[in-house]
There are 6 protein chains.
Amino acid sequence: MFLDEIIRRSLEEDLGSGDITTKYLDLEPTIATAFMIAKAEGVIAGAEIAKMVFKTVDPDLKITLYRKDGDSVVKGDEIMRIEGKPSSILQGERTALNFLQRLSGIATKTNRMVKLIEGTKTKLLDTRKTTPLLRSLEKHAVRIGGGFNHRAGLFDMILIKENHIRAAGGITSAINRVKQHNTTYRVEVEVTNAEEVKEAFTVGVDRIMLDNMSLKEIRAAVKAYGKKVEFEVSGGITEDNILAYARTGVDFISSGALTHSYQSLDISLLFKE
Amino acid sequence: MFLDEIIRRSLEEDLGSGDITTKYLDLEPTIATAFMIAKAEGVIAGAEIAKMVFKTVDPDLKITLYRKDGDSVVKGDEIMRIEGKPSSILQGERTALNFLQRLSGIATKTNRMVKLIEGTKTKLLDTRKTTPLLRSLEKHAVRIGGGFNHRAGLFDMILIKENHIRAAGGITSAINRVKQHNTTYRVEVEVTNAEEVKEAFTVGVDRIMLDNMSLKEIRAAVKAYGKKVEFEVSGGITEDNILAYARTGVDFISSGALTHSYQSLDISLLFKE
Amino acid sequence: MFLDEIIRRSLEEDLGSGDITTKYLDLEPTIATAFMIAKAEGVIAGAEIAKMVFKTVDPDLKITLYRKDGDSVVKGDEIMRIEGKPSSILQGERTALNFLQRLSGIATKTNRMVKLIEGTKTKLLDTRKTTPLLRSLEKHAVRIGGGFNHRAGLFDMILIKENHIRAAGGITSAINRVKQHNTTYRVEVEVTNAEEVKEAFTVGVDRIMLDNMSLKEIRAAVKAYGKKVEFEVSGGITEDNILAYARTGVDFISSGALTHSYQSLDISLLFKE
Amino acid sequence: MFLDEIIRRSLEEDLGSGDITTKYLDLEPTIATAFMIAKAEGVIAGAEIAKMVFKTVDPDLKITLYRKDGDSVVKGDEIMRIEGKPSSILQGERTALNFLQRLSGIATKTNRMVKLIEGTKTKLLDTRKTTPLLRSLEKHAVRIGGGFNHRAGLFDMILIKENHIRAAGGITSAINRVKQHNTTYRVEVEVTNAEEVKEAFTVGVDRIMLDNMSLKEIRAAVKAYGKKVEFEVSGGITEDNILAYARTGVDFISSGALTHSYQSLDISLLFKE
Amino acid sequence: MFLDEIIRRSLEEDLGSGDITTKYLDLEPTIATAFMIAKAEGVIAGAEIAKMVFKTVDPDLKITLYRKDGDSVVKGDEIMRIEGKPSSILQGERTALNFLQRLSGIATKTNRMVKLIEGTKTKLLDTRKTTPLLRSLEKHAVRIGGGFNHRAGLFDMILIKENHIRAAGGITSAINRVKQHNTTYRVEVEVTNAEEVKEAFTVGVDRIMLDNMSLKEIRAAVKAYGKKVEFEVSGGITEDNILAYARTGVDFISSGALTHSYQSLDISLLFKE
Amino acid sequence: MFLDEIIRRSLEEDLGSGDITTKYLDLEPTIATAFMIAKAEGVIAGAEIAKMVFKTVDPDLKITLYRKDGDSVVKGDEIMRIEGKPSSILQGERTALNFLQRLSGIATKTNRMVKLIEGTKTKLLDTRKTTPLLRSLEKHAVRIGGGFNHRAGLFDMILIKENHIRAAGGITSAINRVKQHNTTYRVEVEVTNAEEVKEAFTVGVDRIMLDNMSLKEIRAAVKAYGKKVEFEVSGGITEDNILAYARTGVDFISSGALTHSYQSLDISLLFKE
């Protein structure tokens with residue numbers, strides 16, 4: 001879905017057969033001013049999307065962004081200003097916040113983990129463990145937080161996993177089969193021990209994913225082949241252990257938690273007195 | 001969107017122009033068996049949806065549910081069994097898990113909070129702070145966890161908030177305006193102090209939302225009007241303080257965190273040896 | 001569907017693979033002026049929708065509304081003025097009229113019935129007997145005519161009908177089952193005799209629908225419980241008997257005929273000499 | 001829209017965020033049997049569509065049609081039998097009836113007018129004055145009632161109206177312009193007096209529409225050119241005057257009222273004891 | 001599909017999860033100017049569509065058309081000028097060209113064949129052998145090239161083919177069956193020999209399609225009935241033989257090759273130094 | 001769009017408001033058998049799609065494929081057999097053929113070019129010069145013909161073109177900018193002379209596209225760097241010169257003509273006597 005369709009359908013979900021509170025209040029038209037205010041510290045992502053939500057509800061709303069994606073906020077900071085009909089502001093409020101808070105939550109968590117490995121060569125990657133229908137937005141938030149994007153889906157990178165390997169009769173066979181057809185995509189293979197690292201390296205791939213291997217095994221793999229192939233570590237990464245993994249010298253650490261277990265950033269919409 | 005469209009578009013998001021790993025592996029067709037296994041303790045929600053994901057990818061996949069929505073699992077429990085072409089299983093895996101893990105995460109968190117207030121008369125409600133496009137699924141997960149659903153959107157209950165009140169020139173005026181047109185919906189009004197509680201009660205509504213009021217103020221409101229109107233407490237509810245709020249005797253506590261800041265339940269898909 | 005999609009698809013239905021008359025006439029571009037003229041007496045509803053139809057065909061058309069929704073017209077009154085390319089006007093004409101005439105027909109019929117019960121406390125309600133895909137427009141027309149809206153669909157009010165009652169094992173059981181889960185919606189129950197009225201009242205609901213009961217029975221019900229529960233009369237309401245029903249003192253009369261058996265208001269589009 | 005999409009979206013309109021009555025009743029699954037019963041005399045149209053509505057709600061419902069499109073019914077006749085889960089039957093009921101009653105209403109009205117002109121050579125035509133989004137269904141109902149279809153939209157027949165004529169600088173010019181491009185479509189031209197009939201006939205068209213002309217003028221036109229060109233009468237046709245128009249010997253009479261001002265046929269769904 | 005939806009989805013096909021080259025180049029915003037340049041001789045069709053593609057990508061792009069549909073170009077001619085952000089131009093480039101080159105290819109081929117039969121009374125028709133989803137655009141290109149449109153689909157003209165005839169029990173029976181219901185559409189019948197021509201003419205149709213008949217047979221048919229019915233020749237028409245067919249005096253020659261086997265016109269987008 | 005939506009909308013394009021020939025013939029239901037017959041030599045692609053078209057029109061049609069994608073046919077070969085209602089076969093015929101003929105045309109042309117370079121190491125690639133909305137089908141046909149797929153769109157491979165280079169201030173700068181963000185995609189850069197080849201190689205990319213360079217220059221590039229980077233030749237490839245280009249030792253030759261200027265394979269549907 002294009003972004004405007006995501007926004008439109010999200011509004012449809014909330015508005016359904018009509019905002020009955022506003023309809024039955026039947027107020028005289030007036031102009032009000034409201035502000036999005038940060039209630040906690042974090043990194044903003046989704047500001048433009050929140051703006052689009054309001055403009056979709058009512059093109060006459062005037063939106064001023066005080067913070068753009070990637071900016072840091074502390075409690076009390078004004079993120080954006082919305083001016084126009086109160087009923088329009090209230091109809092967009094919840095949907096705009098539902099996007100902005102979630103995406104800022106992802107950017108904030110990503111940024112925290114990226115800072116933990118600053119100074120190492122390791123890049124933090126996201127995964128496909130994203131919210132259904134919102135993947136491109138969540139991957140945008142990861143970039144905003146300082147992370148890098150792994151593949152966007154099953155369609156833009158080849159990742160040979162354990163089960164592919166078994167079905168193909170081994171690592172060597174799986175990689176060779178893929179090479180016969182592929183002219184466009186990077187090839188990554190998932191391995192679980194030193195022997196498999198060696199086999200994958202020998203037959204030739206772009207990247208080797210070390211799945212749930214010990215720090216010691218990872219260091220050994222990097223030492224043996226790290227200049228000739230990329231290494232990615234995956235599985236069980238937390239804020240507590242990420243630096244240790246990064247110090248093994250791997251090129252990438254991928255973390256599903258960036259998008260599947262974050263906290264929404266606390267943000268409120270307040271009308272000005 | 002109907003559920004089948006949500007599922008279909010979620011798969012479209014992941015499959016895009018095609019699963020290139022499977023396409024280029026070009027394997028002989030075989031039949032494999034895989035299992036969804038819980039990796040942590042929790043309450044399952046979304047089992048039927050995960051099943052629908054697999055059936056949408058390939059109607060020939062055979063799915064057996066060992067756990068249904070609402071069942072508890074501990075680490076190691078088998079949740080469902082999927083049998084069929086490995087490529088079909090792998091194409092559905094991530095999307096199925098992305099639904100199942102999130103919804104089970106919501107059910108698990110909800111269930112934990114519901115248990116904390118067991119024995120009180122208070123019911124735990126969700127809010128509209130849900131993931132855009134997935135609200136009906138997330139509200140289903142709340143029910144599965146033992147919570148109750150607040151309104152589904154702006155269209156099915158009237159909730160007069162602070163800003164409506166200001167625009168209408170006061171609580172009494174706002175409620176009366178709404179009553180003039182409304183024949184179908186319950187009316188709730190948000191108040192912030194004892195005086196407003198009294199005004200709302202006097203003009204007459206179905207429910208009064210006590211927004212960020214102290215335990216003492218809440219107890220006083222319940223004592224004064226609790227038999228004649230419903231009370232809902234909202235704002236700043238955590239696992240640490242929910243019981244104290246419930247013991248004030250309010251009818252409802254609503255919590256946005258149920259759907260905006262949960263952890264996905266850890267679940268894996270494993271192929272059988 | 002959002003209103004703009006309803007309009008767009010309605011135009012698609014009429015224009016299909018293209019307006020061949022205009023295409024093959026291949027006229028020089030000129031500017032023409034046309035008027036929507038009432039050919040009979042009635043209440044206008046759908047003026048803004050008709051305007052949107054023309055603007056969807058051609059954003060350069062200039063539309064001036066002489067009558068807005070709720071205004072009365074008599075034969076000969078100008079409702080709106082459309083200025084622009086004749087081909088655009090002709091492409092929008094039929095679709096715009098198809099909306100405007102139907103909705104004005106509903107508003108006119110509703111208004112006639114509302115006037116018949118003026119002075120009583122009874123409100124006239126619509127039903128779900130609306131044209132598929134056009135419900136929200138038709139319910140808007142009912143409001144414009146002075147009626148009130150019953151529920152918008154199966155999703156925003158609980159209405160326990162005869163068959164629900166039978167399946168649940170009786171009125172008391174049905175209502176109690178619903179109360180166990182419901183925290184958001186008004187509950188109405190359909191009854192057919194005095195004994196059922198009593199049972200429904202005793203277990204407690206927001207509204208009781210008296211289905212095809214005699215005027216005498218209705219009066220008795222209102223007398224017994226009318227101050228403590230809402231009553232709605234349904235079934236067989238006509239312009240001839242509506243006042244008699246209203247005089248029983250019921251709160252609501254609902255009429256399917258408002259939307260399933262009205263006459264389109266006669267309106268023509270005429271080009272100015 | 002394809003028929004299945006019309007049905008699906010109509011159900012979506014009624015079901016919205018879910019049938020809360022059924023959801024909250026939370027009944028044990030049972031099997032019920034219901035019947036569609038005619039409450040008045042008429043001609044059935046839309047029986048297959050009503051069936052599709054139920055099958056879309058729940059493919060496990062078993063539908064038996066006792067009457068097919070075109071069959072006559074009298075009060076009390078069973079039209080179809082629906083067997084399955086009561087909740088599924090109730091969720092489809094209103095939408096199925098909303099289609100069936102409207103289309104049968106059109107077929108019934110059409111049939112009444114067709115019978116009035118039986119024995120003449122004149123065929124009764126519909127118009128484009130149909131309900132937005134439902135045109136193909138309504139035109140089907142007209143055929144079921146014994147009428148014939150005029151053009152389906154602006155795309156399948158050329159109809160040169162008064163305003164086209166003025167813009168093109170006269171009847172002759174308009175027809176000649178169209179002939180230069182057209183190789184596929186019949187050409188009809190609208191005229192208002194004898195002189196224009198002559199001009200249209202002379203330059204050559206397939207059909208001449210006599211708009212609001214007197215019976216005498218119509219008879220004269222038919223006498224002069226009736227064997228060499230088709231004549232269609234349009235404007236102000238009622239059940240009272242249709243036979244007089246038909247007796248003028250015109251080929252077609254077109255009536256907008258067939259689809260814009262009919263009464264729904266009274267049909268109920270009843271559960272079997 | 002409306003044109004804007006065709007364009008939108010075409011862009012979606014190319015852009016998918018995002019233009020990664022532009023995204024990762026992360027260039028400062030600048031303004032560039034590009035030109036569509038003809039690399040071969042031909043007739044332009046689709047210029048407005050190419051413009052719409054660019055405006056859909058970025059409404060801020062400024063497009064100036066130097067050639068409009070129907071204009072001839074030779075190698076080196078500038079067709080249009082695009083000014084704006086280079087990333088926007090590059091994102092629209094391929095899709096705009098994919099439309100413009102194909103449609104200009106059709107217009108060019110059509111124009112070449114039309115010129116071959118100039119001076120005869122025969123008109124060149126297209127067929128339904130068009131690219132799925134793009135028929136209305138391709139038929140537009142045929143008109144631009146000087147051809148005429150045959151029916152737009154199965155819905156706007158009646159064409160009785162060999163198999164219909166067989167199923168109906170003969171030409172006479174098939175035509176009579178159709179006449180019983182049809183009041184709107186021209187009727188054409190496909191025949192393969194002189195005897196069938198006679199039968200079709202006798203029962204009466206608007207047009208007779210002579211399918212794969214010899215020049216001699218065609219001439220005979222035209223001589224016998226050419227003043228009283230239209231003739232269309234179909235099957236095996238090439239640039240080499242089209243004039244011979246036209247000289248038989250038939251009204252129409254239809255050619256599937258116009259839309260199923262053309263060459264895209266060579267056009268490039270070049271950025272200005 | 002998913003394949004089923006492409007098919008559905010293609011049928012909608014052809015069927016529009018209904019197949020009037022079949023509707024008005026109003027034939028008794030019978031069962032007929034038809035065959036798709038090759039009228040020329042070629043390689044079949046799209047057989048499954050043609051089957052899906054027929055099944056979408058009428059799930060009761062029985063389709064037997066005698067040839068699958070990739071099979072060669074000569075004139076007279078039966079490709080598939082369709083059995084069922086004649087009206088269903090006729091409604092699917094043209095759309096099924098429009099897919100099958102185009103895709104087989106692409107597979108046939110691709111196969112001819114692939115055979116011309118057999119024995120060399122060079123692989124033939126397609127481009128993004130595909131028909132809007134049908135890219136995935138056309139790229140499938142290229143693979144069926146023995147070619148390989150270049151990127152599917154702007155989203156799955158990085159291709160730095162001349163204009164990107166200029167905007168980034170040179171080849172080195174452009175490549176380095178991209179490398180800073182990219183962790184997933186292969187990087188290709190377009191060059192036009194030996195000096196640029198050297199620069200691209202030095203800064204490091206996965207593939208170098210030699211755009212309109214002479215055979216001599218290409219040979220020199222391959223000799224210098226061919227073992228360390230992939231080379232792709234693009235621009236002006238024809239059946240006459242492709243072998244000469246392949247013999248330079250480049251890895252890939254890409255050809256837009258495979259999808260923008262092919263001839264539909266001649267295939268007919270014939271009903272069995």
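Atoms considered below: every heavy atom in the structure, side chains included; atoms not considered: hydrogens, waters and symmetry mates. Proteins get letters first, then strands, A, B, ... in listed order; numbering begins at 1 in each. Just so we're clear, the structure is a prediction, and the values are computed from it rather than from any experiment.
If you take CG on F:Leu133 and CG on E:Leu133, they are separated by 5.5 Å, rounding to the nearest 0.5 Å. For the atom pair CD (E:Glu188) and OG1 (F:Thr21), the distance works out to 10.0 Å, reported to the nearest 0.5 Å. To the nearest 0.5 Å, the span separating CG on F:Leu154 from CG on E:Leu15 amounts to 5.5 Å.
Between chain E and the options F:Tyr262, F:Phe99, F:Phe155, heavy-atom pairs under 4.5 Å are most frequent for F:Phe155. Chosen from E:Met157, E:Glu28, E:His181, the residue pairing most often with chain F at heavy-atom distances under 4.5 Å is E:His181. Of the residues considered (F:Lys129, F:Gln263, F:Lys23, F:Glu12), F:Lys129 shows the highest number of contacts with chain E, using heavy-atom pairs under 4.5 Å. Between chain F and the options E:Ile89, E:Asn182, E:Leu270, the largest number of non-hydrogen pairs under 4.5 Å is found for E:Asn182. The candidate from F:Leu25, F:Thr30, F:Leu90, F:Ile7 with the greatest count of non-hydrogen atom pairs under 4.5 Å with chain E is F:Leu25. When F:Ser10, F:Ala152, F:Gly153, F:Pro132 are compared by the number of non-hydrogen pairs under 4.5 Å with chain E, F:Pro132 comes out ahead. For the set F:Gln101, F:Gln180, F:Arg151, F:Arg135, the count of heavy-atom pairs under 4.5 angstrom toward chain E peaks at F:Arg135. Across F:Thr95, F:Val187, F:Leu159, F:Leu97, the residue that shares the most heavy-atom pairs under 4.5 angstrom with chain E is F:Leu159.
With a threshold of 4.5 angstrom between heavy atoms, E:Glu5 approaches chain F through side-chain atoms but not through N, CA, C or O. When heavy atoms are compared at a cutoff of 4.5 Å, E:Arg102 approaches chain F solely by way of its side chain, counted from C-beta outward. For E:Gln91, the parts lying under 4.5 angstrom from a heavy atom of chain F are both the backbone and the side chain. Using a 4.5 Å cut-off between heavy atoms, E:Asn163 contacts chain F through its side chain alone, with no backbone atom that close. Using a 4.5 Å cut-off between heavy atoms, E:Ile6 contacts chain F through both its backbone and its side chain. At a 4.5 Å heavy-atom cutoff, the contact between F:Ser17 and chain E is made by backbone and side-chain atoms alike. There is no contact between E:Asn176 and chain F, counting heavy-atom distances below 4.5 Å.
Between F:Leu27 and E:Ala168, the shortest heavy-atom distance links the atoms CD2-CA, 3.7 Å. The shortest heavy-atom contact between E:Asp26 and F:Arg177 is O-NH1, 3.0 Å.
A donor-acceptor pair is defined here as one N or O able to donate and one able to accept, closer than 3.5 Å; such a pair exists between the side chain of E:Ser261 and the backbone of F:Ser264.
Within the 4.5 Å cutoff, no side-chain heavy atoms of E:His260 are placed close to those of F:Asn98.
Annotation: E:Glu239, atom CD; neighbour count of heavy atoms from other residues, nucleotides and ligands within 6.0 Å is above 12.
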Under the side-chain contact (heavy atoms from CB on, under 4.5 Å) rule, what do F:Thr22 and E:His164 come out as? Steps first, then yes or no, please.
-> CA-CA 8 Å; F:Thr22 296; E:His164 298 115; 4.2 Å; yes
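Using a 30° and 60° split on the angle between ring planes, E:Tyr24 and F:Tyr185 fall in the tilted class, from 30° to 60°.
A salt bridge does not link F:Glu13 with E:Arg128: every distance from a Lys NZ or Arg NE/NH1/NH2 to an Asp or Glu carboxylate oxygen is 4.0 Å or more.
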